[in-house]
Engineer: 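Below is the structure I would like to discuss, written out as structure tokens.
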There are 2 protein chains.
Amino acid sequence: MVGEAKSRLNAALRDRGYRVTLQRSIIMETLEGLAGHVSVEDIYARVRERFPQVNISTVYRTLELMEEAGLAVHTHFDDGVAKWHRAEEGAHQHLVCRRCGQELELDLDVVEPLAEQLRARYGFQPDIAHFAIVGVCRSCSERAQ
Amino acid sequence: MVGEAKSRLNAALRDRGYRVTLQRSIIMETLEGLAGHVSVEDIYARVRERFPQVNISTVYRTLELMEEAGLAVHTHFDDGVAKWHRAEEGAHQHLVCRRCGQELELDLDVVEPLAEQLRARYGFQPDIAHFAIVGVCRSCSERAQ
DNA sequence: GAGCTTATTGCAAGCCTTTGCGAAAACTTG
DNA sequence: CAAGTTTTCGCAAAGGCTTGCAATAAGCTC
């Protein structure tokens with residue numbers, strides 16, 4: 001199973017004409033093994049357990065590659081930090097409360113009508129989930145009264 | 001008129017219990033005198049013409065203050081750089097093409113239905129225009145064929 | 001599997017932004 | 001207007017991310 005994932009990931013690289021390196025394999029396996037949203041720092045920490053001399057810029061570059069290959073997705077949250085997740089987990093929109101930092105996950109259905117508008121009216125293909133939506137959550141706005 | 005703007009801005013500070021300093025006055029006047037979207041660097045450059053020893057962190061802090069006071073607004077574009085504009089210019093949404101970098105300005109009407117959904121269904125008060133919407137513009141997606 | 005070409009890596013530096021801290025300036029009071 | 005209090009400022013450092021460059025390693029060819 002581990003071997004299966006490894007060869008699948010390596011094939012994804014080779015199919016695109018990219019070279020298979022130990023760094024890339026480890027980084028890709030690491031993200032595949034993590035559920036939910038993780039920061040680059042999280043991934044870097046795990047990767048270093050197996051390959052201490054790897055540089056964090058290689059992690060950034062490999063994640064970018066995985067995104068290009070449709071294996072990974074990243075979203076920017078309000079604090080500016082990007083978080084990554086496996087593409088298989090599916091796209092979704094995030095609401096972030098600017099007061100308490102709470103994060104809500106949203107089905108893409110809710111934003112699809114807007115996406116459709118942008119395509120129809122402007123010919124613009126939006127990647128709406130790329131940024132979280134900032135605002136104030138219910139409990140924080142009630143607390144403000 | 002310059003004097004009028006100055007005292008209005010200084011009053012905005014005093015009303016909130018903030019101190020009026022030369023740095024703040026100059027930074028606030030500078031943003032008021034600039035139309036459209038400007039980066040912190042743009043503002044900093046102008047401010048330095050009048051007050052060379054001012055530090056850029058003071059510019060950041062003053063802009064934050066202006067936002068709190070409802071005098072300024074900032075938006076994050078895809079390249080991570082924030083751009084500022086006077087609050088009076090009104091809120092609007094931005095579409096940014098990830099290929100060519102082109103920026104489209106959008107009336108808030110287009111995103112209002114989504115905002116309404118988020119308020120109704122989640123009690124979440126979104127600040128939708130805080131982040132630009134990333135995607136691929138019409139000409140870039142046609143060029144890709 | 002040795003040699004060659006070219007992609008990839010690690011490193012260092014840089015960009016944009018935020019933050020802790022001591023020094024300096026603004027307001028307040030007598 | 002002098003002294004005291006409290007905010008604000010400049011500076012330096014740090015955080016998250018990107019990039020240029022020389023050294024290294026992957027993959028190709030024979």
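By convention in this document, chain letters (A, B, ...) are assigned in the order of the sequence lines, proteins followed by strands, and residues within each chain are numbered from 1.
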Engineer: Without decimals, in angstroms, what is the distance between A/Phe77 CZ and C/dT17 P?
Structural biologist: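 My rounded result for the distance is 20 Å.
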Engineer: Between C/dA26, D/dA26, D/dG10, which nucleotide gets closest to the side-chain atoms of A/Arg19?
Structural biologist: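 The answer is D/dA26, which lies nearest to the side chain.
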Engineer: May I ask you to verify if any side-chain N or O of B/Asn55 is less than 4.0 angstrom from the OP1 or OP2 atom of D/dC11?
Structural biologist: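 Result: yes.
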Engineer: Would you indicate what A/Glu41 reaches in the nucleic acid, counting non-hydrogen atoms under 4.0 angstrom: base, sugar-phosphate, or nothing?
Structural biologist: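 Answer is nothing: A/Glu41 stays at 4.0 Å or more from every strand.
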Engineer: When you get a sec, tell me which of D/dC17, C/dT17, D/dC9 is the closest nucleotide to the side chain of B/Ala82?
Structural biologist: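 Looking only at side-chain atoms, B/Ala82 lies closest to C/dT17.
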Engineer: Heavy atoms only, 4.0 Å cut-off, all strands: where does B/Ser57 land among base, sugar-phosphate and nothing?
Structural biologist: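 Since a base atom lies under 4.0 Å of B/Ser57, the category is base.
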Engineer: With a cut-off of less than 4.0 Å, is there a side-chain N or O of A/Tyr60 near OP1 or OP2 of D/dT18?
Structural biologist: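 False: A/Tyr60 side-chain N/O out of range (4.0 Å or more) of D/dT18 OP1/OP2.
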Engineer: From C-beta outward on B/Gln23, which listed nucleotide comes closest to its side chain: C/dA25, D/dA25, D/dG10?
Structural biologist: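 Output: D/dG10.
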Engineer: Ignoring hydrogens and angles, are the base of D/dG27 and the side chain of A/Arg14 linked by a donor-acceptor pair under 3.5 Å?
Structural biologist: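 No such pair is found, so the answer is no.
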Engineer: Figure out the CG/P separation between B/Asp42 and C/dT17, and round it to whole Å.
Structural biologist: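 My rounded result for the distance is 11 Å.
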Engineer: Give the rounded distance in Å between these two atoms: CD of A/Glu64 and C1' of C/dA7.
Structural biologist: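 Going from CD in A/Glu64 over to C1' in C/dA7 covers 15 Å.
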Engineer: Take the protein atom CD1 of B/Ile56 and the nucleotide atom P of D/dA13, then report the distance between them rounded to whole Å.
Structural biologist: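 Between P of D/dA13 and CD1 of B/Ile56: 18 Å.
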Engineer: Less than 4.0 angstrom from a charged side-chain N to a carboxylate O is my criterion; do B/Glu29 and B/Arg50 meet it?
Structural biologist: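 Salt bridge between B/Glu29 and B/Arg50, a charged N being under 4.0 Å from a carboxylate O: yes.
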Engineer: Please confirm whether the shortest side-chain N or O distance from B/Thr58 to OP1 or OP2 of D/dG10 is below 4.0 Å.
Structural biologist: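 Yes, B/Thr58 has a side-chain N/O under 4.0 Å of OP1/OP2 on D/dG10.
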Engineer: May I have the distance from B/Tyr18 (atom OH) to D/dT8 (atom P), rounded to whole angstrom?
Structural biologist: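 Rounding to the nearest Å, OH of B/Tyr18 and P of D/dT8 are 8 Å apart.
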Engineer: After noting the C-alpha distance and the side-chain angles of A/Glu32 and A/Arg8, does the key distance pass the salt bridge (Lys or Arg N to Asp or Glu O under 4.0 Å) rule?
Structural biologist: CA-CA 11 Å; A/Glu32 289 285 308; A/Arg8 178 171 54 80; 3.2 Å; yes
Engineer: Using the salt bridge (Lys or Arg N to Asp or Glu O under 4.0 Å) rule, take A/Arg119 and A/Glu116 through it: C-alpha gap first, then chi angles, then the decisive distance, then the call.
Structural biologist: CA-CA 5 Å; A/Arg119 283 190 292 264; A/Glu116 182 44 38; 3.3 Å; yes
Engineer: Could you go through A/His37 and A/Glu103, starting from their C-alpha distance and side-chain angles, then the distance that decides it, and tell me whether this counts as side-chain contact (heavy atoms from CB on, under 4.5 Å)?
Structural biologist: CA-CA 11 Å; A/His37 296 77; A/Glu103 290 169 17; 5.9 Å; no
Engineer: From the list C/dG10, D/dA26, D/dG10, which nucleotide is the closest neighbour of the side chain of A/Thr21?
Structural biologist: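 Side chain of A/Thr21 sits closest to D/dA26.
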Engineer: Hey, which of these two, B/Leu22 or B/His76, hits DNA chain C nearer its 5' end, going by closest nucleotide?
Structural biologist: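 It is B/His76 whose nearest nucleotide is closer to the 5' end.
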Engineer: Between A/Arg61 and A/Glu64, is there a side-chain N and carboxylate O pair less than 4.0 Å apart?
Structural biologist: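 No salt bridge links A/Arg61 with A/Glu64.
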Engineer: Side chain of A/Arg24 only, heavy atoms from C-beta on: which candidate in D/dG16, C/dT18, C/dT9 is closest?
Structural biologist: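 Selected nucleotide (nearest to the side chain): C/dT9.
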Engineer: Tell me the interatomic distance from A/Asp78, atom CG, to C/dT17, atom C1', rounded to whole angstroms.
Structural biologist: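 Answer to the nearest Å: 13 Å.
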Engineer: Would you mind reading off the distance between A/Lys83 atom NZ and D/dG16 atom P, rounded to a whole angstrom?
Structural biologist: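 That distance rounds to 12 Å.
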Engineer: Heavy atoms, side chains only, cut-off 4.5 Å: are A/Ser139 and A/Cys100 in contact?
Structural biologist: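 A/Ser139 vs A/Cys100: side chains apart.
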Engineer: Ignoring hydrogens and angles, does a donor from either the side chain of A/Arg61 or the base of D/dT18 sit under 3.5 Å from an acceptor on the other?
Structural biologist: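 When only heavy-atom distances are counted, A/Arg61 does not reach the base of D/dT18 through any donor-acceptor pair under 3.5 Å.
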Engineer: In whole angstroms, how far is the C1' atom of C/dT8 from the CZ atom of A/Phe51?
Structural biologist: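 In whole Å, C/dT8 C1' and A/Phe51 CZ are 12 Å from each other.
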